[in-house]
Amino acid sequence: MGSRRRLAPSGFDRGASAAVCVLSAAAAALGAMPATSAVAAPHDDSRAEVDRLYQEAEQATQAYDKADESAGELHRQVSDAQDRIARQQQRINTMRDALGSLAGAQYRSGGIDPTVALLFSDDPADYLDKASVLDRITTQQAGQFKDLQEAMRELAQERTEAAGHLAELERSRKAVATHKKTVERKLAKARQLLNRMPLADRASFDRASRSSRVDIPDLGAGVPSSGRAAAAVAAAQSALGKPYVWGATGPGGFDCSGLMQWSYAHAGVHLPRTSQEQRYAGHQIPLSQAQPGDLVTYRSDASHVGMYVGNGQVIHAPYPGAPVRYDPVGMMPVSSVTRV
């Protein structure tokens with residue numbers, strides 16, 4: 001899911017996503033409780049609501065990640081454009097100076113009509129030599145003036161493009177702020193609900209998130225499909241126990257897609273920022289053919305992602321308060337399996 005977010009202060013800067021690669025714990029939890037239990041029903045409702053809030057926060061986190069990534073890319077484009085503008089302005093200044101020097105030389109050579117100058121010249125041969133030089137200066141001046149006009153057109157275009165990038169950057173920053181607020185609002189409400197639950201129910205919620213939700217094929221240990229997949233698995237395993245931090249890409253904390261991006265970066269592979277984009281970062285295969293290192297996305301909107309590590313397990317960053325850990329690959333409905 002995303003990258004660079006924090007539960008408490010959280011932060012900004014190619015946004016849009018918010019917290020939690022949450023596991024749909026509600027269905028399992030509800031199924032385990034008697035439907036007729038009047039006492040248990042409110043707790044069931046709270047757990048279902050927490051699960052829903054986590055899922056919505058995760059969707060917002062992915063949106064935050066995408067907007068934040070876009071803002072970062074736009075910021076680089078604006079910076080590059082400003083550098084180009086400065087260089088082009090310097091080039092224009094140099095060209096203007098050169099043209100000024102030529103104009104001065106032309107003035108010093110005399111600005112009267114060539115025929116008149118020839119008639120009154122004491123030394124016609126010397127005049128003709130000067131006239132030849134002056135003609136070359138005029139030709140050079142015309143060429144430099146044309147170059148100056150072209151450079152000024154390029155500068156105007158650069159400034160127009162930079163202004164467009166700046167406007168787009170501002171829109172992207174507003175999107176980042178909007179998604180950030182959405183994530184934090186959803187997470188704050190989920191925390192409030194969890195804090196009101198009895199301790200036993202909170203523990204039950206966490207256990208439900210680690211229980212298998214759907215039927216899955218009989219998957220063995222398997223071996224990584226490539227050296228880079230093996231390196232990514234090793235990196236993900238080294239992150240076990242690190243906290244979930246929405247919008248973060250490590251190394252101190254991760255959201256779900258941030259963990260995948262960070263792990264594959266250690267294998268020399270750049271993955272896109274969001275779980276929705278990571279789903280298409282390779283070729284898709286059936287879950288029955290999953291091997292360690294494959295990316296497993298969840299829910300129909302691919303708002304959560306984990307890394308298959310064999311024996312029916314994935315490593316992922318679940319949701320706030322739950323560190324990077326192993327969970328059953330069938331913890332939620334699987335959307336796709338991608339081999340990078």
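Residues take their numbers from the sequence shown, with the count starting at 1. Just so it is clear, the model here is predicted, and its values are computed rather than measured.
- At a threshold of 4.5 Å between non-hydrogen side-chain atoms, the residues His316 and Val324 do not count as touching.
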Derivation and outcome, side chain to side chain contact (heavy atoms under 4.5 Å, CB included), residues Asp327 and Arg325: CA-CA 7 Å; Asp327 270 322; Arg325 69 188 187 193; 2.9 Å; yes

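- Residues Leu194 and Tyr54 form a side-chain contact, since some pair of their non-hydrogen atoms from C-beta on lies under 4.5 Å apart.
- Here the shortest heavy-atom pairing between Ser335 and Ser300 reads OG-O, 4.4 Å.
- A distance-only check finds a donor-acceptor pair linking the side chain of Lys242 to the backbone of Pro251 [under 3.5 Å].
- For the atom pair CG (Asn93) and CD (Gln90), the distance works out to 5.5 Å, reported to the nearest 0.5 Å.
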Derivation of the side chain to side chain contact (heavy atoms under 4.5 Å, CB included) call for Leu187 and Leu53: CA-CA 7 Å; Leu187 292 179; Leu53 288 166; over 6 Å; no

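- Gln284 contributes no side-chain N or O that, together with a main-chain N or O of Val337, makes up a donor-acceptor pair within less than 3.5 Å.
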Test log, rule side chain to side chain contact (heavy atoms under 4.5 Å, CB included), inputs Leu295 and Arg279: CA-CA 7 Å; Leu295 303 180; Arg279 170 175 47 179; over 6 Å; no

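- In this structure a side-chain-to-backbone donor-acceptor pair under 3.5 Å is missing from Thr338 to Gly282.
- Atoms CD and CD, from Glu154 and Gln157 in turn, are 7.5 Å apart once rounded to the nearest 0.5 Å.
- Under the side chain to side chain donor-acceptor pair (under 3.5 Å) rule, Arg339 has a single partner from His283, Gln291, Gln289, which is Gln291.
- Considering every non-hydrogen atom in both Ala232 and Ala267, the closest pair reads N-CB, 4.0 Å.
- Between Glu184 and Lys181 there is no salt bridge, since no side-chain nitrogen of the basic residue lies less than 4.0 Å from a carboxylate oxygen of the acidic one.
- Inter-residue side-chain proximity for Gln276 and Lys66 is flagged as unmet; no heavy-atom pair is nearer than 4.5 Å.
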Evaluation steps, side chain to side chain contact (heavy atoms under 4.5 Å, CB included), between Arg185 and Lys189: CA-CA 6 Å; Arg185 185 174 66 251; Lys189 188 172 181 181; 5.9 Å; no

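- A side-chain donor-acceptor contact under 3.5 Å links Thr274 and Glu277.
- In terms of modelled atom types and a separation under 3.5 Å, the side chain of Arg228 and the main chain of Val340 share a donor-acceptor contact.
- We find the CG-OG distance between Asp294 and Ser336 to be 10.5 Å, quoted to the nearest 0.5 Å.
- Residues in residues 256-277 take part in these ring-ring contact (aromatic ring centres under 6.0 Å, His included) pairs, two or more places apart or across chains: Phe254-Trp262, Trp262-His266.
- With hydrogens and angles disregarded, a donor-acceptor distance shorter than 3.5 Å links the side chain of Tyr298 to the backbone of Val329.
- Side-chain contact of Arg159 with Gln82: a donor-acceptor pair under 3.5 Å is absent, judged by distance alone.
- The two residues Met307 and Ser263 have their closest heavy-atom pair at CE-CB, 3.8 Å.
- Val314 has its side chain out of reach of Val309: every pair of non-hydrogen atoms, C-beta onward, lies at least 4.5 Å apart.
- Using a 3.5 Å distance cut-off with no hydrogens or angles, the side chains of Ser275 and Thr297 do not pair a donor with an acceptor.
- Closest of all the heavy-atom pairs between Pro243 and Gly252 is CD-O, 3.1 Å.
- Between the Asp301 side chain and the Ser303 main chain, a donor and an acceptor come within less than 3.5 Å of each other.
- The minimum heavy-atom distance linking Ala281 with Pro272 is given by the pair CB-CD, 4.0 Å.
- Between Gln55 and Tyr319, the closest side-chain pair of non-hydrogen atoms is not below 4.5 Å.
- The two residues Met332 and Arg299 make their nearest non-hydrogen contact at SD-NH2, 3.5 Å.
- With rounding to the nearest 0.5 angstrom, the CG atom of Leu259 is 7.5 Å from the CD1 atom of Ile315.
- With values rounded to the nearest 0.5 angstrom, Lys186 atom NZ is found 3.5 Å from Glu56 atom CD.
- Screening residues 77-87 for salt bridge (charged side-chain N to carboxylate O under 4.0 Å, His left out) gives Arg84-Glu158 as the qualifying pairs, with residues at least two apart or on separate chains.
- Tracing side-chain contacts under 4.5 Å through hydrophobic residues (I, L, V, M, F, W, Y), one never reaches Val223 starting from Tyr308; they form parts of separate clusters.
- In this structure, CE on Met260 lies 9.0 Å from CG on Leu271, to the nearest 0.5 angstrom.
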